[in-house]
Asks: 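Sending over a structure as structure tokens; questions will come in a sec.
In what follows, every chain begins at residue 1, and chains take the letters A, B, ... in the order their sequences are listed.
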2 protein chains.
Amino acid sequence: MNSDNIPDIIIGRLPIYLRALQRMAEKGMKTSSQELGEHVGISAAQIRKDISQFGEFGKQGTGYSIGFLIDKLREILKIHHLWEVAIVGAGDIGHALARYQGFTNRGFRVAMIFDTDASKVGEKIGEFTIEDASKMVERIRAAKIKMAMVTVPASTAQEVTDKLVQAGVKAILNYAPTSINVPNNVRVQYIDPATHLQRMTYYLE
Amino acid sequence: MNSDNIPDIIIGRLPIYLRALQRMAEKGMKTSSQELGEHVGISAAQIRKDISQFGEFGKQGTGYSIGFLIDKLREILKIHHLWEVAIVGAGDIGHALARYQGFTNRGFRVAMIFDTDASKVGEKIGEFTIEDASKMVERIRAAKIKMAMVTVPASTAQEVTDKLVQAGVKAILNYAPTSINVPNNVRVQYIDPATHLQRMTYYLE
DNA sequence: TAGATTGTTAATCGATTAACAATC
DNA sequence: TAGATTGTTAATCGATTAACAATC
């Protein structure tokens, strides 16, 4: 188990492997780097190299046990327990995330949702009640929540980010269409449909 | 204008630059690779190198005109005109995307939305009426739509993808939590919140 | 002019691929 | 045993950075 400074680009592929393996698990017990590669569109050599950073999880001649590899990946990614996540911003996207069924079996649980809009505070979204953003820092800190999804307008994203950092959040999934600045012990991932679409139009026509 | 085979990783950064520049435009006329780099968290050298792939858009001593650079980036990314996009899947995410206000001034317009569920077909989402997915290939082909956002369950994502390809779609933004396979003249981008969160948990604790 | 910043080169750094011995 | 597939090495390929002449 060689954990010394794995490149981030490898870490980024592990969830892709895991997702594919979980779908493949329904159909069989074993797989190979070749087969997994066909599912995810990555070369077999790279998959073997990536996985081998963390241990010898396969067997020559027979490949990988899907169940075993899933367990190992979940362990490596630290999603063998459930992470609580806060949502900031109860607009359409915040609502969709609060109701999203895809989190629980993948390591996450939405724990609370905040908005600044007084007319929304108190409103129910499924099991959740929208809470007042002015209580956010206190609430997140008390619950020791380390992850948040930001679904506020670009204009307030930095301000919200600063508060999350202050509350002890270490990983932010930012849906606001803007870059945000964080201390370097905090991770950020971006989801912005327009940016993703713009990345493809270059190749069209 | 040196358009011969620009690395995709550079193309991927251009929308990030553009997004930052559009926010910076509200505050001033000029910028530098240094300043832009601070906004987006990328080194000044890399920004200059990326931009210089497409022409000499800056001036020594004074930097870049924000307006001019925005125009150039929009042109390079081919978003100086509006792209029509189809949505497949009228669940929570499909609804949120249909109502999303962030597309129009960034080069995109939602044109139609489909679902297989007969009880949803005919339902209104703002200006849109949910259409029957059985008419999808025909409708998309007739409208010459080249981009689509897929917000169906993982189990039907490949099937939907095959139909979109058949309809002439060349770029897919996939919200379904699964890899999809497409011919190599079709581009895919993935948005999966659980995958994005899993990419950060490795670094926590 | 003096200061600032580009565009570009060369050097460095990092990631991917191909190949194959080991071995199940 | 024969066939298959891993883990790993070395070679290749590609991306980033540092530095600086050119010039606004």
Asks: Can you tell me if T104(A) and R109(A) form a side-chain donor-acceptor pair at under 3.5 Å?
Replies: no

Asks: Reading DNA chain D in the 5' to 3' direction, which nucleotide is the first one with an atom under 4.0 Å from a heavy atom of chain A, and which is the last?
Replies: dA4(D) to dT9(D)

Asks: For the residue pair Q53(A) and I6(A), what are the closest heavy atoms and their distance?
Replies: CB-CD1, 3.8 Å

Asks: How would DNA chain C look in dot-bracket form, 5' to 3', counting Watson-Crick and G-U wobble pairs with both distances under 3.5 Å and writing | for bases paired to another strand?
Replies: ..||||||||||||||||||||||

Asks: With a 4.5 Å heavy-atom cut-off, do I11(B) and Y203(A) have their side chains touching?
Replies: yes

Asks: Nearest nucleotide by nearest heavy atom, which residue falls closer to the 5' end of DNA chain C, Q46(A) or T62(A)?
Replies: Q46(A)

Asks: Going by distance alone, is a donor N or O of one side chain under 3.5 Å from an acceptor N or O of the other, for D8(A) and Y202(B)?
Replies: no

Asks: Please give me the minimum heavy-atom distance between L21(A) and L73(A), naming the atom from each residue.
Replies: CD1-CD1, 3.5 Å

Asks: Which word best sums up how the rings of H81(A) and W83(A) line up, parallel for under 30°, tilted for 30 to 60°, or perpendicular for over 60°?
Replies: tilted

Asks: Is the NZ or CZ atom of R99(A) both under 6.0 Å from the centre of the six-membered ring of F128(A) and within 45° of that ring's axis?
Replies: no

Asks: Side-chain contact, heavy-atom cut-off 4.5 Å: F54(B) with L14(B)?
Replies: yes

Asks: Nearest nucleotide by nearest heavy atom, which residue falls closer to the 5' end of DNA chain C, E56(B) or P7(A)?
Replies: E56(B)

